[in-house]
Amino acid sequence: ASIAGDRELSAGLFHEVLRRARTTAEMGDVYYTKVLLDTASGHAPAAIEMGRSGLRLFGESLPRSPGPLRLLLEFGLVRTLLGRRTPPQLYGLPAMGASERVASIRLLMSICPAAYFQNPDLMSFAALRIMRISLKHGNASPSACGYVPYGLVTGAVFHDYARGHQ
């Protein structure tokens, strides 16, 4: 319904599937799918708002438009958690166990494509948040969507190309 352009039917189906979800992680999966559908059908602002709503299920918030100071703060928090860990040490982090936490970083990951076109700072913030959660709680498949942009920013913005390449 979403891809075909019937936004009203799509919204109704979303709420019905959400109502049938048994766990918070399943609810997160429903939001994840809706974000992807909204993004694919060209509704990036709706996708971002849907993702922000879904993140609240997990106690996460995402600013509408993080400014440079907010981005720098998030970058600093990530840098502090990263410390002097090497890439092999990052790879060796334990698997992220809680399904709710994995669902939250999947949701953050799903917001990134829509945010890239609407608000690149928001995309950067979401990627940094993925990395921060991963450094605190272990790795999951979406963790790479935090590590890669961090490396790009470290090289391009801070001119620390060696560390960014790692």
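Computation of the quantities below employed the complete heavy-atom set of this structure, encompassing side-chain atoms and omitting hydrogens, waters and symmetry-equivalent molecules.
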The criterion is side-chain contact (heavy atoms from CB on, under 4.5 Å); which residues satisfy it with Pro113, sequence neighbours excluded?
Thr39

Does some side-chain heavy atom of Leu122 sit less than 4.5 Å from a side-chain heavy atom of Cys112?
no

Applying the 4.5 Å side-chain criterion to the ILVMFWY set and letting contacts propagate, would Phe117 and Leu36 be lumped into a single cluster?
no

Would you give me the side-chain donor-acceptor pairs under 3.5 Å for residues 123-133, sequence neighbours excluded?
from	atom 1	to	atom 2	distance (Å)
Ser124	OG	Pro120	O	3.2
Arg129	NE	Glu74	OE2	3.0
Arg129	NH1	Glu60	OE1	2.9
Arg129	NH1	Ser61	O	3.1
Arg129	NH2	Glu74	OE1	3.4
Arg132	NE	Glu74	OE2	2.8
Arg132	NH2	Glu74	OE1	3.2
Arg132	NH2	Glu74	OE2	3.2

From Leu13 CG over to Thr33 OG1, what is the distance, rounded to the nearest 0.5 angstrom?
12.5 Å

Run the side-chain contact (heavy atoms from CB on, under 4.5 Å) test against Glu49 and tell me which residues pass, sequence neighbours left out.
Arg52, Arg64

One pair to check against side-chain contact (heavy atoms from CB on, under 4.5 Å): Leu135 and Arg85. What are the steps and the verdict?
CA-CA 10 Å; Leu135 288 169; Arg85 288 189 248 193; 4.2 Å; yes

Looking at residues at least two apart in the chain, or sitting in another chain, which of them share a side-chain contact (heavy atoms from CB on, under 4.5 Å) with Ser53?
Tyr31, Arg56

Enter the distance from Gln118:CD to Ile111:CD1 here, rounded to the nearest 0.5 Å.
13.0 Å

Report yes or no: do Leu108 and Leu90 belong to one cluster of Ile/Leu/Val/Met/Phe/Trp/Tyr joined by side chain heavy-atom distances under 4.5 Å?
yes

Using the test side-chain contact (heavy atoms from CB on, under 4.5 Å), find all partners of Thr24 that sit at least two apart in sequence or belong to another chain.
Leu57, Phe58, Glu100

Note: Leu107 and Gly54 closest approach over all heavy atoms is CD2-C, 3.4 Å

By the salt bridge (Lys or Arg N to Asp or Glu O under 4.0 Å) test, which pairs, at least two apart or in different chains, include something from residues 107-125?
none

Only counting residues at least two apart or in another chain, list the ones meeting salt bridge (Lys or Arg N to Asp or Glu O under 4.0 Å) with Arg101.
none

Applying side-chain hydrogen bond (donor to acceptor under 3.5 Å, both in side chains), can you list everything that pairs with Ser134, at least two apart in sequence or on another chain?
Ser143

Hits for salt bridge (Lys or Arg N to Asp or Glu O under 4.0 Å) against Arg84, two or more places apart or cross-chain, chain-then-number order -> none

Should Phe75 and Leu82 be regarded as members of a common hydrophobic cluster, given that ILVMFWY residues are connected when their side-chain heavy atoms come within less than 4.5 Å of each other, either directly or indirectly?
yes

For side chain to side chain donor-acceptor pair (under 3.5 Å), just list the numbers for Asn139 and Tyr91, CA-CA rounded to whole Å, side-chain angles, deciding distance to a tenth of an Å, and then say yes or no.
CA-CA 8 Å; Asn139 288 324; Tyr91 182 75; over 6 Å; no

Please find the pair of heavy atoms, one from Gly138 and one from Leu93, that lie closest to each other, and give the distance.
CA-CB, 4.4 Å

Given the rule that I, L, V, M, F, W and Y join up when any side-chain heavy atoms are under 4.5 Å apart, are Tyr147 and Tyr116 in one cluster?
no

With sequence neighbours left out, the residues meeting side-chain hydrogen bond (donor to acceptor under 3.5 Å, both in side chains) with Tyr32 are none

Can you pull the salt bridge (Lys or Arg N to Asp or Glu O under 4.0 Å) pairs that have at least one residue in residues 18-30, sequence neighbours excluded?
Glu16-Arg19, Glu16-Arg20, Arg22-Glu26, Asp29-Arg106

Taking side chain as C-beta onward, heavy atoms only, is Val35 less than 4.5 Å from Ile48?
no

